[in-house]
Amino acid sequence: MTDLARSAVAPAMPGLSANRSLLIAVIGFLTLVDLFATQAILPSLAASYGVKPAQIGLAANASTLGMAISGLLVGVFSANIERKRAVALSLLFLSVPTAALAFAPNLTVFAILRVVQGLFMAAAFTLTLTHLAERCEVRTAHALAAYVTGVVASNLIGRLTAAFVASLVGAEHSFLFFALLNLAGAALVSVALHRNTPEPMDRKGRFWNAWLEHLSDPALRRTFAIGFLILFGFIGVFTYVGFVLMKPPLSLSMTALGLVFLVFLPSMITTPMAGSFVRKRGPGPAAAGSLLVALFGLGLLLLPNLYAVVAGLTLVGVGTFFAQAVATGHVGRIARGDKAAASGLYLSSYYCGGLAGAAVVGQLFDRIGWSAAVAGVFAALGLAALLGVKLAPPEIA
């Protein structure tokens with residue numbers, strides 16, 4: 001397809017105005033709010049189901065398994081999928097398992113519904129990332145930073161809302177409220193996103209050929225590994241820190257625990273800067289520097305002082321979200337050919353890291369304690385920082 005013909009079908013997004021950036025951020029928020037909000041009510045859910053922190057942590061984060069699977073499948077079958085319609089339908093279908101969580105009779109059913117949630121969340125997430133990469137062209141980094149900012153907002157507002165709603169109607173029935181947010185997301189996408197014909201893809205042979213081509217690229221493999229380690233560390237911290245905060249000596253209430261997640265507010269300011277920072281300094285310094293900030297924050301989490309823990313959580317949030325914005329945009333810039341397959345592989349790796357973090361850090365937390373859990377996260381993010389140093393712009397990647 002010629003440039004002229006392509007512009008006639010789907011003109012490139014005309015700049016990223018403040019309104020357009022806000023729209024992208026809100027879509028990001030409504031897409032992943034279910035993933036993070038649950039972490040704010042994990043202590044209450046653990047009590048309701050009578051299970052240990054590691055068990056409820058793994059069940060709640062089972063959504064990342066669905067997201068890992070969906071990321072790959074969407075990458076395979078996205079060649080002929082119209083992005084806007086598929087994103088809207090994914091968010092519409094997401095409301096079904098979200099509402100069903102309010103009535104899950106046991107932890108097994110709860111975990112299965114979380115997996116199903118993950119399938120639809122990742123479908124919407126992957127196709128939106130692909131849509132932005134195809135339509136924003138030179139502004140890809142800024143568009144993706146805006147989208148990840150919405151994901152940051154889902155951490156903040158989602159957790160605050162989950163804690164507040166749970167205090168009113170109970171932890172289980174708070175999921176009905178989030179099902180309404182899923183429906184709102186579907187309606188917003190239907191009204192606000194542009195329709196577009198997917199970019200033509202020259203796929204030869206089996207569908208996994210695109211995966212193999214991307215996996216043969218050392219730069220992409222490095223970025224996939226960084227994504228895995230980022231969510232490993234993030235999930236490891238924010239899944240289990242609530243149990244620490246609600247126990248002596250801090251002994252926070254559920255409402256106070258929700259307010260602690262205001263730590264994500266600074267990330268909403270810093271994450272949109274990722275695109276500009278990458279353009280000026282390069283992806284390597286951006287990724288490694290932001291992860292060093294997160295590593296410093298981890299040290300503060302070991303102090304028995306609420307202010308120190310809040311400061312540590314703030315730095316972990318700022319560092320990991322900034323690094324995630326850098327890595328997500330980097331995949332779109334350096335992938336050759338099938339960008340949807342590359343985004344799918346990245347997100348699959350990213351969310352597998354989340355599930356691994358919930359499982360590994362949960363066992364460290366249950367068996368040894370919080371210090372061991374933080375040490376495990378430190379090792380993961382430290383390795384991510386070392387890998388991040390080697391990220392290079394597309395022309396020299």
Side-chain angles (χ1 to χ4, degrees), residues 9-37 63 66-67 70-71 73-75 77-99 116-137 139-140 142-158 161 175-199 268 271-272 325 328-329 332 339-340 343-344 347 351:
V9 174
M13 189 179 292
L16 281 183
S17 64
N19 289 339
R20 197 67 188 171
S21 294
L22 178 61
L23 169 65
I24 293 172
V26 171
I27 292 172
F29 166 79
L30 293 172
T31 299
L32 292 187
V33 65
D34 298 291
L35 177 64
F36 303 112
S63 55
M67 298 185 87
S70 182
L73 293 178
V74 171
F77 297 108
S78 65
N80 299 311
I81 295 177
E82 199 284 309
R83 314 305 190 204
K84 172 182 174 178
R85 181 181 302 144
V87 172
L89 287 175
S90 295
L91 293 174
L92 176 64
F93 294 148
L94 173 60
S95 67
V96 177
T98 303
V116 177
Q117 273 191 307
L119 292 172
F120 293 120
M121 278 191 282
F125 192 13
T126 305
L127 287 169
T128 303
L129 290 179
T130 305
H131 176 83
L132 295 176
E134 290 173 347
R135 292 183 62 82
C136 292
E137 296 182 351
R139 295 180 177 84
T140 295
H142 296 284
L144 293 178
Y147 190 70
V148 175
T149 301
V151 176
V152 178
S154 72
N155 274 268
L156 169 59
I157 302 172
T161 304
F175 290 107
L176 295 175
F177 173 79
F178 288 99
L180 293 177
L181 291 185
N182 300 152
L183 295 175
L188 178 62
V189 169
S190 297
V191 171
L193 274 192
H194 297 293
R195 289 177 59 87
N196 71 302
T197 299
E199 288 186 346
M268 295 179 65
T271 302
T328 303
K339 292 183 183 294
S343 293
L347 290 175
Y351 289 115

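These figures come from a predicted structure and were not determined experimentally. Just so it is clear, the values below take in all heavy atoms, side chains as well, and ignore hydrogens, waters and symmetry mates.
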Got a second to check how far Phe93's CZ is from Leu119's CG, nearest 0.5 Å? 13.0 Å
Rounding to 0.5 Å, atoms CE (Met121) and CG (Leu94) come to a distance of 6.0 Å
Quick one: does Thr161's side chain have a donor or acceptor within less than 3.5 Å of a partner on Ile157's backbone? yes
Heavy-atom closest contact (Ser70 atom, Gly118 atom, distance): CB-O, 4.3 Å
Taking all non-hydrogen atoms of both residues, which atom of Phe29 and which atom of Gly158 are closest, and how far apart? CE1-N, 4.2 Å
Straight-line distance of Leu30 CG to Leu183 CG, nearest 0.5 Å: 10.5 Å
Nearest heavy atoms of Ala186 and Ala88, plus distance in Å: CB-O, 3.4 Å
Taking all non-hydrogen atoms of both residues into account, name the closest pair between Pro97 and Phe120 and its distance. CG-CD1, 4.4 Å
Looking at Ser95 and Leu92, would you say the former's side chain and the latter's main chain have a donor-acceptor pair under 3.5 Å? yes
Using the rule side-chain contact (heavy atoms from CB on, under 4.5 Å), only one of Leu127, Leu91, Val26, Leu89 pairs with Val189; which is it? Leu91
Going from CZ on Phe177 to CG on Leu181, what distance comes out if it is rounded to the nearest 0.5 angstrom? 4.5 Å
Closest approach of Thr271 and Ala325, non-hydrogen atoms and distance? CG2-CB, 4.0 Å
Reported OG1-to-CZ distance for the pair Thr98 and Phe178, which is rounded to 0.5 angstrom: 9.5 Å
For a 4.5 angstrom cut-off between non-hydrogen side-chain atoms, does Tyr351 reach Leu35? yes
